[in-house]
Amino acid sequence: MNINQLVRNNILELQPYISFRDQNQFNAPILLDANESPFGEYNRYPDSTQMELKNKLADIKNVKPSQVAIGNGSDELIDLIIKIFCEPKKDSILMMDPSFAMYAFYASINENKVVKLELNEDFEILKEDFLRVAKDSQSKVFFLCSPNNPTGNTIDDIEFYIQNFDGIVVVDEAYIEFSNQQSSIELLKRYPNLIVLQTFSKAWGMAGARVGSAFASEYIINLINTVKAPYNVNSLSQKLALQKLDNLEEFEKQVEYIIKERSWLEKQFQNILCIKKIFPTQSNFFLIECKNAEKVYQNLLYNEILTSKRFPGIKNCIRINIGNRQQNTKLITLLKNIDV
Ligand SMILES: *Cc1c(COP(=O)(O)O)cnc(C)c1O
């Protein structure tokens with residue numbers, strides 16, 4: 001597959017904005033080149049190439065630093081990917097339904113149609129549906145979310161979709177750390193049309209810092225670096241992410257904690273009357289079908305627990321994410337008291 005044929009012409013012609021300071025190694029401790037203030041701890045522009053962070057991530061993920069792009073959350077990377085490949089008013093994206101709302105949000109801003117691939121009742125993709133819809137729609141980018149939000153399950157046989165899609169496949173791995181699924185990063189060697197997204201917002205506990213990463217071929221990463229805002233990730237966030245990556249032990253402990261709480265909650269949910277069905281999850285949340293979702297939602301909210309019920313495609317469901325033991329215990333106590 002010739003990836004450059006998928007790229008919008010104006011993007012191919014675009015000259016990246018280059019931070020002069022970042023692209024050259026100067027021996028000049030006195031910086032009078034960028035109209036910054038000489039005062040304060042954060043007076044300098046951040047590294048626009050995010051080199052230290054890329055080097056460290058590349059090391060951990062076993063790819064080259066030139067195969068890593070950093071975004072202001074993976075949300076920004078979703079936006080940039082659509083802008084790179086999808087001609088406004090002409091091209092479409094393909095996404096699973098139900099899945100993460102931001103794909104459709106950014107596609108709409110860019111005036112791209114959103115083609116939805118309906119999942120079956122177990123929230124799996126039917127391969128023959130995929131082949132038909134992909135062919136009919138000629139979509140440029142397919143967003144494959146695994147584990148999927150808001151359903152929580154992983155999608156099997158991801159390689160099949162990469163092989164059989166005539167465009168870019170974005171595998172969104174926002175919840176991969178909580179799952180037993182292998183990251184698709186290892187498939188990058190074989191598929192030039194693959195982009196893998198990960199984020200510091202979930203398992204890494206850094207949603208407030210806005211740091212996400214994309215892994216892909218050097219060619220695609222170059223395109224992302226070309227279209228991104230030069231200073232898209234601030235220096236505080238870059239520093240924080242580096243610190244987190246230096247403390248893998250703490251990270252692993254926290255993920256383990258959440259996974260343990262997930263098993264505990266799953267057991268507790270079994271004996272609760274207002275719950276009709278718990279969907280299998282490989283993430284840090286549960287999608288739960290209730291006998292009366294509105295009632296459960298309102299009751300929890302009245303007792304100071306906010307959950308999520310904004311999923312029009314899935315009837316009578318709420319999404320509850322896993323908290324600490326104290327929060328989870330309170331949740332279970334409240335749920336037990338809801339009389340259907
Ligand atoms: C939360 C989430 C993200 C993360 O977005 P950030 O911008 O990195 O915070 C990406 N994809 C999915 C499916 C998510 O649920």
Side-chain angles (χ1 to χ4, degrees), residues 50 53-54 57 61 68-83 93-107 109 114 116-117 119 123 125 141-155 158 161 168-179 181 183-185 194-216 224 228-229 232-234 236-238 240-241 244-245 251 254-255 258 262 279 281-287 306-311 313-314 317-323:
Q50 299 121 3
L53 187 51
K54 282 180 189 169
L57 269 176
K61 305 291 177 181
V68 187
I70 310 290
N72 195 287
S74 42
D75 279 1
E76 183 193 22
L77 296 164
I78 293 166
D79 183 30
L80 297 179
I81 291 164
I82 293 173
K83 282 177 178 162
I93 66 153
L94 177 63
M95 65 178 281
M96 317 185 306
D97 184 24
S99 190
F100 189 46
M102 298 313 276
Y103 314 134
F105 175 76
Y106 286 117
I109 293 174
V114 179
K116 294 196 169 171
L117 179 64
L119 302 177
F123 303 124
I125 302 177
V141 182
F142 173 35
F143 286 94
L144 193 167
C145 190
S146 181
N148 189 21
N149 180 7
T151 60
N153 61 306
T154 49
I155 303 295
I158 287 177
Y161 303 100
I168 301 294
V169 177
V170 178
V171 179
D172 188 339
E173 298 186 343
Y175 301 96
I176 191 83
E177 296 90 344
F178 302 110
S179 83
Q181 188 166 50
S183 168
S184 293
I185 288 177
L194 170 64
I195 303 176
V196 179
L197 295 182
Q198 293 190 352
T199 179
F200 283 86
S201 292
K202 307 286 158 58
W204 290 93
M206 275 179 48
R210 314 303 304 125
V211 186
S213 44
F215 303 91
I224 295 176
K228 80 177 183 65
N232 60 331
V233 182
N234 69 66
L236 270 170
S237 296
Q238 290 189 43
L240 193 60
K244 288 273 176 184
L245 292 175
F251 160 77
Q254 290 174 354
V255 170
I258 299 292
R262 183 171 73 193
F279 289 96
T281 182
Q282 291 278 316
S283 61
N284 68 337
F285 59 83
F286 284 93
L287 184 73
L306 182 62
T307 58
S308 185
K309 59 154 183 164
R310 301 170 300 153
F311 312 109
I314 330 171
C317 279
I318 57 174
R319 194 192 63 195
I320 305 181
N321 82 269
I322 297 155

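The structure displayed is predicted, hence computed values, not measured ones. Every number for a ligand or one of its atoms is a count from 1 in the order of the listing. Only this structure's heavy atoms are used, side chains among them; waters, hydrogens and symmetry mates stay out.
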Can you tell me if [X] has a non-hydrogen atom under 4.0 Å from ligand 1?
{"X": "Tyr175", "result": "yes"}
{"X": "Ala174", "result": "yes"}
{"X": "Cys145", "result": "yes"}

So if I count the atoms of ligand 1 from 1 in the order they appear, which ones are less than 4.0 Å from some heavy atom of [X]?
{"X": "Lys202", "answer": "1 (C), 2 (C), 3 (C), 4 (C), 14 (C), 15 (O)"}
{"X": "Ser201", "answer": "6 (P), 8 (O), 9 (O)"}
{"X": "Arg210", "answer": "6 (P), 7 (O), 9 (O)"}
{"X": "Gly73", "answer": "6 (P), 7 (O), 8 (O)"}

Legend entry - Per-residue contact class, Met102 against ligand 1 - non-hydrogen pairs under 4.0 Å: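 Looking at Met102 and ligand 1, no heavy atom falls under 4.0 Å.
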Legend entry - Side chain, backbone, both or neither: Ser74 near ligand 1, heavy atoms under 4.0 Å: both
Legend entry - No-hydrogen, no-angle side-chain donor-acceptor test under 3.5 Å, Gln198 and Ser74: no
Inset, instruction - Report the relative orientation of the aromatic rings in Tyr103 and Phe100; use parallel for angles under 30°, tilted for 30 to 60°, perpendicular for over 60°. - result: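 Correct class here is perpendicular.
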Inset, instruction - Give me the ring orientation class for Phe285 and Tyr175: parallel if the planes are under 30° apart, tilted from 30 to 60°, perpendicular past 60°. - result: perpendicular
Inset, instruction - Give the residue and atom name of whichever protein heavy atom lies nearest to atom 11 (N) of ligand 1, and the separation in Å to one decimal. - result: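 So the nearest neighbour among protein heavy atoms is Asp172 OD2, 2.7 Å.
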